Amino acid sequence: MGIYDVTNSGGEKDTEKLNLLTSTQIVIHDALKKMGYNEEMYELLKEPLRMSYVRIPVRMDDGSTKIFNGFRAQHNDAVGPTMGGVRFHPQVTATEVKALSMWMSLKCGIADIPFGGGKGAILCNPRTMSFGELERLSRGFVRAISQIVGPTKDIPAPDMYTNSQIMAWMMDEYSRLRQYGSSGFITGKPLVLGGSEGREKAGAKGVTICIEEAAKKRGINLKGARVIVQGFGNAGSYVAKFMHDAGAIVVGVSDVYGALYNPDGLNINYLLDRRDSFGTVTTLFEGTITNRELLEQECDVLVPAAISNQITEKNAHNIRARIVVEAANGPTSLEATKILTERGILLVPDVLAGAGGVTVSYFEWVQNKQGFYWSEEEVDVKLRNKLVKSFHDIYQLAQDHNVNMRLAAYMIGVRKIAEASLFRGWV
Ligand code: NAD
């Protein structure tokens, strides 16, 4: 068995999700090795310290009871409590949740947040459930994990198909169980319950800050730069809007059904108005191209903001962007990362570009703790300060060690938890 063996990761057959964990383990291993850590440190960090499996009985609207399966992964709490979203999804797997908790640890390390990574999920299809069923499921999940979470233990947040209403129910359930108000138990809450200004757009703002810094490194003026964004959901549509507002020409966007491309620029405000809540907009138009064709169009900045595994060794040679900034999780394979880097394309990896969300989650937790709230401008300035520094630290490390940006980001991301684990005497 190799060091990247994942047979004890849930016994799943989903190759893509196993690959997600395996490729994360490969880069963590390389990063630790580069920094002189031994195999024992890798053994500690290659999977979460704790993985909880829960079963949640929910009374459905028709009077029947349905049992839902859920997970909570806590990767490493050497630096501080773990933090990370809870997703509701019909195909989510334990392996995926483990990998996502590890990415959260990396993002916390990169943004210099005193937390480790966590992630949770419930196997369900929220689109087919009523408001009442979703509330009972959310509350049931909190009861099931209440012993292992808390404002100083593990802090959940929104993720795919969960939102501020679900965070509000979860916070209320936790507060009832503990018999005191516990706003710091969860982030991504509505403002009136202690949410932070700027939380909703924080992910896309983080991506935008990385685009700006990467553009400076490549001498690209964003005013007039051609930008392509794959995916027009929460992440992609806001990134397209921020780029448009910065004077860039957004020449291409896409959704699951196809892509719109116009070398003279698309009317982003119109597309934002017309997109539905699932990020679909291309079905309103004729003459669309495929997602694959869109990725290969010439542009200055390419932002994959849809799903994983979009740039692989099969199409990496055809990418004609000067900068690729990963808004989605895992859109570029390790082989493609190598090819793009060798071709001189600056790749800003997901663990850096996607660190905006967790950074503002941390800000929300800090504001809850101090009971004093910041304006959106204050949140934006603090976010910018953190991510600009992270970008430059990673860029410099990549130059100094002659490694790609992904490996440099993992080196910085894993450094604090490795050091803290060492000081605690765990390795
Ligand atoms: P979303 O569900 O709101 O939107 C997803 C978009 O991708 C939609 O436009 C959808 O049509 C499109 N899509 C789905 N499958 C596709 C396919 N096979 N090919 C092309 N397009 C496809 O999701 P979201 O919240 O925007 O998240 C998108 C990605 O970005 C995810 O990987 C998510 O984890 C990540 N994310 C990143 C940030 C960040 O700050 N970087 C923030 C939130 C989400």
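Please read these numbers as outputs of a predicted model, since none were measured by experiment. Both ligands and their constituent atoms are indexed starting at 1 by order of listing.
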Inset, instruction - Measure centre to centre between the rings of Tyr410 and Trp103, then say whether the value is under 6.0 Å. - result: no
Legend entry - ligand 1 versus Asn291: contacting region, heavy-atom distance under 4.0 Å: side chain
Inset, instruction - Using a 4.0 Å heavy-atom cut-off, say whether Ala305 meets ligand 1 through its side chain, its backbone, both or neither. - result: backbone
In terms of atom number and element, which parts of ligand 1 are under 4.0 angstrom from non-hydrogen atoms of [X]?
X	value
Ala204	40 (O)
Gly233	1 (P), 3 (O), 4 (O), 6 (C), 8 (C), 9 (O), 26 (O)
Gly279	8 (C), 9 (O), 11 (O)
Gly354	41 (N)
Gly203	39 (C), 40 (O)
Val207	41 (N)

Charged N-O contact under 4.0 Å between [X] and [Y]:
X	Y	answer
Glu326	Arg406	yes
Glu342	Lys338	yes
Glu212	Lys205	no
Lys153	Asp77	no
Arg50	Asp154	no

Legend entry - Neighbour count above 12 (heavy atom, 6.0 Å) for Arg320 CZ: yes
Inset, instruction - Flag yes if more than 12 heavy atoms outside Asp273 fall under 6.0 Å of its CG atom; otherwise flag no. - result: yes
Within less than 4.0 angstrom of ligand 1, does [X] place any heavy atom?
X	result
Phe278	yes
Thr280	no
Ala327	yes
Gly356	no
Gly206	no

For [atom], what's the nearest protein heavy-atom neighbour? Residue, atom name and distance, please.
atom	answer
atom 31 (C) of ligand 1	Ala306 O, 3.5 Å
atom 17 (C) of ligand 1	Ile307 CD1, 3.7 Å
atom 25 (O) of ligand 1	Asn234 CB, 3.5 Å
atom 33 (C) of ligand 1	Asn329 ND2, 4.2 Å
atom 12 (C) of ligand 1	Val256 N, 3.8 Å
atom 44 (C) of ligand 1	Ala235 CB, 4.0 Å

Minimum-distance pair of heavy atoms, taken over all atoms of [X] and [Y]:
X	Y	result
Val142	Tyr174	CG1-N, 3.8 Å
Gly118	Ser101	C-CB, 3.8 Å
Gln230	Ser254	CG-OG, 3.2 Å

Legend entry - Heavy-atom protein neighbour under 4.0 angstrom from atom 2 (O) of ligand 1: no
Inset, instruction - Report the relative orientation of the aromatic rings in Tyr161 and His89; use parallel for angles under 30°, tilted for 30 to 60°, perpendicular for over 60°. - result: parallel
